[in-house]
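Following: one structure in structure tokens, then a few remarks.
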Amino acid sequence: MLTLSQTKDGLVVMKASGELTRDDYDAFVPEFERIAAAARPLRILIELEDFRGWTLGALWEELKFDTTHQSDMGRVAIVGERAWQDWGTRLSKPFFKAEMRYFDRAQAAEAKAWLEAG
């Protein structure tokens, strides 16, 4: 499942859980584009909870999304619970214009502070 919300102070919160499918992106992308049209660059908090990755179709949608929306993103904080998520964040950094940083779940408050400081 992939959900999207925005706080009163403009922080965009994306939550990913389970295995993402193409249908998750069909609902998510138009909402993200609506939010991005109002203000840029976005400060994004990605919360991964029991996240198990993507189906093949969803992985393709993720790659298209990342390529299309790079200029919409300012800072991106990823809060997760597994070492491979940290590793994936580090591998992705060279391909993104946005400043990205991984935080363990226990560092969620630090992740929000980092987004607000940028």
Side-chain angles (χ1 to χ4, degrees):
M1 178 183 289
L2 189 58
T3 62
L4 183 67
S5 62
Q6 190 171 23
T7 65
K8 291 178 184 176
D9 65 350
L11 181 67
V12 175
V13 180
M14 299 165 58
K15 294 184 180 185
S17 61
E19 184 178 48
L20 300 184
T21 67
R22 179 173 282 181
D23 290 342
D24 291 320
Y25 285 87
D26 289 344
F28 169 83
V29 171
E31 182 64 12
F32 181 88
E33 290 173 344
R34 183 191 65 75
I35 291 171
R40 284 186 214 131
L42 298 173
R43 294 172 296 130
I44 301 173
L45 174 64
I46 300 174
E47 297 178 342
L48 305 175
E49 187 172 312
D50 191 31
F51 178 64
R52 296 187 306 272
W54 302 264
T55 63
L56 188 57
L59 182 57
W60 177 246
E61 294 302 316
E62 174 67 23
L63 293 171
K64 288 191 319 187
F65 173 82
D66 291 344
T67 302
T68 303
H69 295 288
Q70 284 216 27
S71 63
D72 298 330
M73 300 178 200
R75 280 189 163 187
V76 179
I78 300 156
V79 175
E81 54 200 7
R82 303 191 190 275
W84 71 265
Q85 295 165 349
D86 183 14
W87 178 79
T89 302
R90 291 172 195 256
L91 280 176
S92 299
K93 281 183 184 183
F95 303 104
F96 279 88
K97 295 176 187 174
E99 193 176 355
M100 295 175 60
R101 188 166 164 196
Y102 177 85
F103 298 85
D104 288 320
R105 178 138 335 272
Q107 299 173 304
E110 185 181 330
K112 289 179 184 176
W114 179 75
L115 287 169
E116 291 169 359

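All heavy atoms count here, side chains included; hydrogens, waters and symmetry mates do not. Numbering starts at 1 and runs along the sequence shown.
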**Message:** Do V13 and V29 land in one hydrophobic cluster if side-chain heavy atoms of ILVMFWY residues count as linked below 4.5 Å?
**Reply:** no
**Message:** Would you compute the distance between atom CD of E61 and atom CG of D66 and round it to the nearest 0.5 angstrom?
**Reply:** 11.0 Å
**Message:** Nearest 0.5 Å, please: how far is CD in E110 from CG in L115?
**Reply:** 11.0 Å
**Asked** Rounded to the nearest 0.5 Å, how far apart are CE of M73 and NE2 of H69?
**Response** 7.5 Å
**Request:** For the pair R43 and E99, find out whether any cationic side-chain nitrogen is under 4.0 Å from an anionic carboxylate oxygen.
**Result:** no
**Complete:** When rounded to the nearest 0.5 Å, the distance separating CD1 of I35 from CG of L4 is 4.0 Å
**Request:** Search all heavy atoms of A58 against all heavy atoms of R22 and return the closest pair with its distance.
**Result:** CB-N, 3.7 Å
**Candidate pair I44 and R75, rule side chain to side chain contact (heavy atoms under 4.5 Å, CB included), full reasoning** = CA-CA 6 Å; I44 301 173; R75 280 189 163 187; over 6 Å; no
**Message:** Are the side chains of T3 and M14 in contact, using a 4.5 Å heavy-atom criterion?
**Reply:** no
**Complete:** One should read off an interatomic distance between K15 NZ and L2 CG, to the nearest 0.5 angstrom, of 12.0 Å
**Message:** Are the side chains of E81 and D50 in contact, using a 4.5 Å heavy-atom criterion?
**Reply:** yes
**Item:** Pairwise side-chain contact, L11 with Q6, heavy-atom cut-off 4.5 Å (strictly under)
**Value:** no
**Complete:** In terms of heavy-atom contacts, A77 and F103 come closest through CB-CE1, 3.8 Å
**Asked** So, Q70 side chain and K97 main chain: donor-acceptor pair closer than 3.5 Å or not?
**Response** yes
**Request:** Report the distance from atom CD1 of I46 to atom OH of Y102, rounding to the nearest 0.5 Å.
**Result:** 12.0 Å
**Prompt:** Tell me, do I78 and L48 make a side-chain contact under 4.5 Å, heavy atoms counted?
**Reply:** yes
**Prompt:** Do Y25 and L20 have side chains that get closer than 4.5 Å, going by heavy atoms?
**Reply:** yes
**Prompt:** If you look at every heavy atom in A98 and G74, which pair is closest and at what distance?
**Reply:** CB-O, 2.9 Å
**Request:** Step by step, work out the side-chain hydrogen bond (donor to acceptor under 3.5 Å, both in side chains) result for D23 and T21.
**Result:** CA-CA 5 Å; D23 290 342; T21 67; 4.8 Å; no
**Message:** I want to check something: taking the side chain as every heavy atom from C-beta on, are W60 and W54 in contact at a cut-off of under 4.5 Å?
**Reply:** no
**Prompt:** Does E31 reach the main-chain N or O of F28 with its side chain, forming a donor-acceptor pair under 3.5 Å?
**Reply:** no
**Request:** Please tell me if the side chains of T67 and E62 come closer than 4.5 Å, counting only heavy atoms from C-beta onward.
**Result:** no
**Asked** Do the charged groups of R52 and E19 touch, with an N to O distance under 4.0 Å?
**Response** no
**Complete:** Closest non-hydrogen atoms of R101 and T89, given as atom of the first, atom of the second and distance, are C-CG2, 4.2 Å
**Asked** R105 and V79: which non-hydrogen atoms are nearest, and at how many Å?
**Response** CA-CG1, 3.7 Å
**Request:** Specify whether F32 and F65 have parallel, tilted or perpendicular ring planes, treating 30° as the upper limit for parallel and 60° as the lower limit for perpendicular.
**Result:** perpendicular
